[in-house]
Amino acid sequence: MVKMKGWIGQMGFNKNGGNINWFHGHMDAANRAIRRRLKLSDFVIEVRDARIPLSSANEDLQPMLCEKRRRWIRYFNSCKQECFPINAHSRSSVQKLLDIVEFKLKEVITREPTLLVMVVGVPNVGKSALINSIHQIASSQFPVQEKMKRATVVPLPGVTQDITGYKIAHQPSIYVLDTPGVLVPSIPDIETGLKLALAGSIKDSVVGDDRIVQYLLAVLNTRGTPFHWRHLIGRETEDLHHELDDKPEYNLKDLLPKRRKPPNKSDIYYIEDMVSEVQRTLCTTLSEFNGNLEDEGELEILIDQQFEALQTALNIPYKASEGRMMVSKKFLTLFRTGKLGPFILDDVPDASDSAS
């Protein structure tokens, strides 16, 4: 596998862009406010993105978090960091988290009339979704004095900009503090920044859709991920399910979360068709590639070929520059909505390395 950090700059990720400003002004103020409230919190839940469990850590907060009992499997435990994987949209999963929080705070509950549980994390890792799920469970178990306003949940980083407290129970009174997602002022390397951008923790406009997709394709190719879709080569769409006579026009919004009636069968089939075609295209282009993936220039040639092939697979009738932009947007949507499958972009270090 090619070492990403050795060639990222040469593939145009930094071209004409200068230094990328990850850290916005409101994050500095939010960082200071979070630090002040951390000292007062009885329990801290650090939410990380399962796709980038290392890159989505806010290193600036780690010294303070290490002094707290924390929620966040094997590697983190070796680092003396308790880790608990959850699905923020699953009631049973969040209930297990609440059971652990209650167990950890059992002694404090007996002597403190008010408890603060703080939720922290980088932008767009699911903090607000977790808080909403906690409230739904708590409201069915405890008499809540006042109705809690739902936290805003949207697939954009930086939506929550204030620290807000939500009361989820009383006797004792328990407040959950929702905090804005903040990044460290200086991300250690460009690859970590690209992982955060790929996961949606950094706005696409800051990094550029094209640059993010170049990185994703480089990771998939060097890991050989498209070969997992080899079974799709030679199989036409009608072999997967019944061919539809009239396919609906594709819209990116069809893949984004929304509170509407479930999509009809034709919509589901169409998205499945598109995903299968994208996977088949990536597998075919990689299988036919005769170059050396460890060579930076040859890898870049492969990625350019894949952009062109994806434009055809996604039926994008634009000229080259516009087509590449639309390919990037659609491909990112498929990745972020999980349509391409589950991925972990971080390489988990050996436990022995963390112990030394």
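The chain is numbered in sequence order, starting from 1. A quick note: this is a predicted structure, and the numbers were derived from the prediction, not measured.
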Query raised in the report: Of all residues at least two apart in sequence or in a different chain, which pass the salt bridge (charged side-chain N to carboxylate O under 4.0 Å, His left out) check with Lys127?
Result: none
Report task. Answer yes or no: is there a donor N or O on one side and an acceptor on the other, between the side chain of Ser201 and the main chain of Pro123, under 3.5 Å? Result -> yes
Query raised in the report: Side-chain contact, heavy-atom cut-off 4.5 Å: Ile86 with Lys96?
Result: no
Requested in this report: Show your working on side-chain hydrogen bond (donor to acceptor under 3.5 Å, both in side chains) between Asp273 and Ser276 and close with a plain yes or no.
Outcome: CA-CA 5 Å; Asp273 284 353; Ser276 296; 6.0 Å; no
**Report entry** Closest non-hydrogen atom pair, Gly126 against Val47
**Finding:** C-CG1, 4.4 Å
**Report entry** Taking every non-hydrogen atom, the tightest pair across Ser56 and Val122
**Finding:** O-CG1, 3.4 Å
Report summary line: Closest heavy-atom pair, Ser133 versus Val94, reported as atoms and distance to 0.1 Å, is CB-CG2, 3.8 Å
Query raised in the report: With side chains defined as the heavy atoms from C-beta onward, is the minimum distance between Phe331 and Leu282 less than 4.5 Å?
Result: yes
Report summary line: NE2 of His228 to CD of Gln279, rounded to nearest 0.5 Å, is 11.5 Å
Report task. State, yes or no, whether a side-chain contact exists between Ile45 and Leu97 at a heavy-atom distance under 4.5 Å. Result -> yes
Query raised in the report: Would you find a donor on one side and an acceptor on the other, under 3.5 Å apart, between the side chain of Ser93 and the backbone of His89?
Result: no
Query raised in the report: How far apart are the C-alpha atoms of Leu286 and Leu293, what are their side-chain angles, what is the distance that settles it, and do they pass the side-chain contact (heavy atoms from CB on, under 4.5 Å) test?
Result: CA-CA 10 Å; Leu286 181 58; Leu293 291 176; 4.2 Å; yes
**Report entry** side chain to side chain donor-acceptor pair (under 3.5 Å) partners for Ser90, two or more places apart
**Finding:** Ser92
Query raised in the report: Do you know which two heavy atoms are closest between Pro226 and Leu220, and how far apart they sit?
Result: CD-O, 3.3 Å
Query raised in the report: Is there side-chain contact between Ile212 and Gln214, with heavy atoms separated by less than 4.5 Å?
Result: no
Query raised in the report: What residues, two or more places apart in sequence or in another chain, satisfy side chain to side chain donor-acceptor pair (under 3.5 Å) together with Gln306?
Result: Asn221, Thr285
**Report entry** For Asp189 against Thr192, the heavy-atom pair lying closest together
**Finding:** OD1-N, 2.8 Å
Query raised in the report: Hey, which of Asp204, Asp209, Asp49 is the one that makes salt bridge (charged side-chain N to carboxylate O under 4.0 Å, His left out) with Arg336?
Result: Asp204
Requested in this report: Measure the spacing between CG of Leu310 and CD of Gln305 and express it to the nearest 0.5 Å.
Outcome: 11.5 Å
Query raised in the report: About how many Å separate CD1 of Ile134 and CZ of Arg91, when rounded to the nearest 0.5 Å?
Result: 12.5 Å
Query raised in the report: Under a 4.5 Å cut-off applied to non-hydrogen side-chain atoms, are Lys330 and Phe335 in contact?
Result: no
Query raised in the report: Are Lys329 and Asp210 close enough for a salt bridge, meaning some N to O gap below 4.0 Å?
Result: no
Requested in this report: Name all residues meeting the ring-ring contact (aromatic ring centres under 6.0 Å, His included) criterion together with Phe307; count only those two or more places apart in sequence or in a different chain, and write none if there are none.
Outcome: none
Query raised in the report: Side chains of Leu177 and Val119: closer than 4.5 Å at any heavy-atom pair?
Result: no
Query raised in the report: Just by distance, do the side chain of Arg280 and the backbone of Leu232 share a donor-acceptor pair under 3.5 Å?
Result: yes
Report summary line: Residues at least two apart in sequence or cross-chain that pass side chain to side chain donor-acceptor pair (under 3.5 Å) with Asp99, listed by chain then number, are Gln95
Report summary line: Interatomic distance, CD@Glu296 vs CD1@Ile301, rounded to 0.5 Å, equals 12.5 Å
**Report entry** Value rounded to 0.5 Å, distance of CG in Leu217 from CG in Leu302
**Finding:** 8.0 Å
Query - Ile344-Leu54 co-clustered via ILVMFWY side chain contacts under 4.5 Å - result: no
Query raised in the report: Quick check: does any side chain N or O of Arg48 sit under 3.5 Å from a backbone N or O of Ala57, one acting as donor and the other as acceptor?
Result: no
**Report entry** Backbone of Cys283 reached by a side-chain donor or acceptor of Ser287 within 3.5 Å
**Finding:** yes
Query raised in the report: Hey, is the main chain of Asn292 close enough, under 3.5 Å, to the side chain of Glu298 for a donor-acceptor pair?
Result: yes
Requested in this report: Show your working on side-chain contact (heavy atoms from CB on, under 4.5 Å) between Leu198 and Leu332 and close with a plain yes or no.
Outcome: CA-CA 8 Å; Leu198 184 54; Leu332 279 178; 3.6 Å; yes
Query - Residues which pass side chain to side chain donor-acceptor pair (under 3.5 Å) with Asp346, listed by chain and number, not counting sequence neighbours - result: Ser55, Lys195
**Report entry** Side chain Gln311, main chain Ile316, donor-acceptor under 3.5 Å
**Finding:** yes
Query - Atom pair OG1 (Thr284) and CH2 (Trp229), whose distance is rounded to the nearest 0.5 Å - result: 11.5 Å
Requested in this report: Identify the heavy atoms of Pro53 and Ala50 that sit nearest to each other, and give their distance.
Outcome: CD-O, 3.4 Å
